[in-house]
Amino acid sequence: MRKFLIAGNWKMNMGPGDAAKLAQEICTKLSEKSSNEVLVLVCPTALSIPEVVIATEGSRVLTGAQNMHYESSGAFTGEISAEMLLAAGCRYVVLGHSERRHVFGESDELINRKVLSASRKDLIPILCVGETEVDRDQELTFNVIERQLKKGLLKVRHEDLAEMVIAYEPVWAIGTGRTATPEQAQEVHAFIRKYLYERIGKKASLVPLLYGGSVKPANVADLLKQDDIDGALVGGASLNADSFVALVDAAETQNRNRN
Ligand code: PGA
């Protein structure tokens with residue numbers, strides 16, 4: 001059975017010192033009470049990855065990156081490769097986040113090259129998909145999600161797809177305080193699950209589907225109760241140890257109820 005995953009996306013916050021401090025605080029608070037059944041991941045800014053890896057050593061907290069380049073090395077000023085992230089201790093990489101798509105102009109084709117590169121090197125991609133408010137108002141949500149899945153996952157091998165994570169993050173809910181209702185989120189998650197079934201059959205049930213967009217302790221339980229929501233990708237509420245650990249606790253409760 002797939003595991004719940006609570007992932008913190010720290011975005012462009014906290015340099016090495018602050019990031020190590022927060023990581024340490026999360027580890028301490030988790031070890032006081034938790035049961036290891038839920039995967040816990042933090043994705044600091046690239047510069048802070050080594051410090052966070054050291055601060056979380058020996059704990060259950062995994063480290064991931066927020067982006068990468070698809071080539072292994074070469075003349076790509078300012079970029080970081082999958083090999084470098086793995087060497088630094090990363091296990092996951094967030095790809096196609098809406099800020100990368102909308103602020104930095106990343107296309108589905110570029111994101112697909114990154115997904116292929118990461119998954120062939122055992123760095124687990126968390127592919128983000130999500131519609132804008134205009135898309136939703138025009139009833140284009142499922143068209144947009146389907147396009148992002150088809151193009152973003154083009155040529156990904158069956159076995160790699162079964163190991164991936166997909167995050168549904170409606171753009172209108174990110175950093176706005178507006179969360180999708182649990183029913184709205186479940187509807188899209190079920191659509192994503194169905195798409196995966198069509199690609200990889202029963203193994204689709206192994207792929208964790210995360211919801212992201214203004215997730216906080218007050219709304220996480222209702223989201224995680226949905227059949228196809230297996231965790232959360234969290235921005236704002238992951239920058240505070242208490243609220244992040246509260247999300248992990250909620251996932252553990254839900255994990256017990258699901259099994
Ligand atoms: P938010 O960000 O939780 O602050 O809305 C989520 C994300 O961007 O991954």
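When a ligand or atom number is given, it counts from 1 through the structure's own listing order. Being a predicted model, the structure only gives us computed values, none of them experimental.
Between Arg113 and Glu109 no salt bridge is recorded (no basic side-chain N to carboxylate O distance below 4.0 Å). Using a 4.0 Å cut-off between charged nitrogen and carboxylate oxygen, Asp230 and Arg193 count as a salt-bridge pair.
The list of ring-ring contact (aromatic ring centres under 6.0 Å, His included) pairs with a residue in residues 135-158, not counting sequence neighbours, reads Phe142-Phe191.
Nearest heavy atom pair, residue Ile49 against residue Ala65, reads CD1-CB, 4.0 Å.
For ligand 1, the protein residues placed under 4.0 Å by at least one non-hydrogen atom are Asn9, Lys11, His97, Glu169, Ala173, Ile174, Gly175, Gly213, Ser214, Leu233, Val234, Gly235, Gly236.
Between the side chains of Asp135 and Thr141, not a single donor N or O lies within less than 3.5 Å of an accepting N or O. Judged by distance alone, the side chains of Gln186 and Asp227 never bring a donor and an acceptor atom under 3.5 Å apart.
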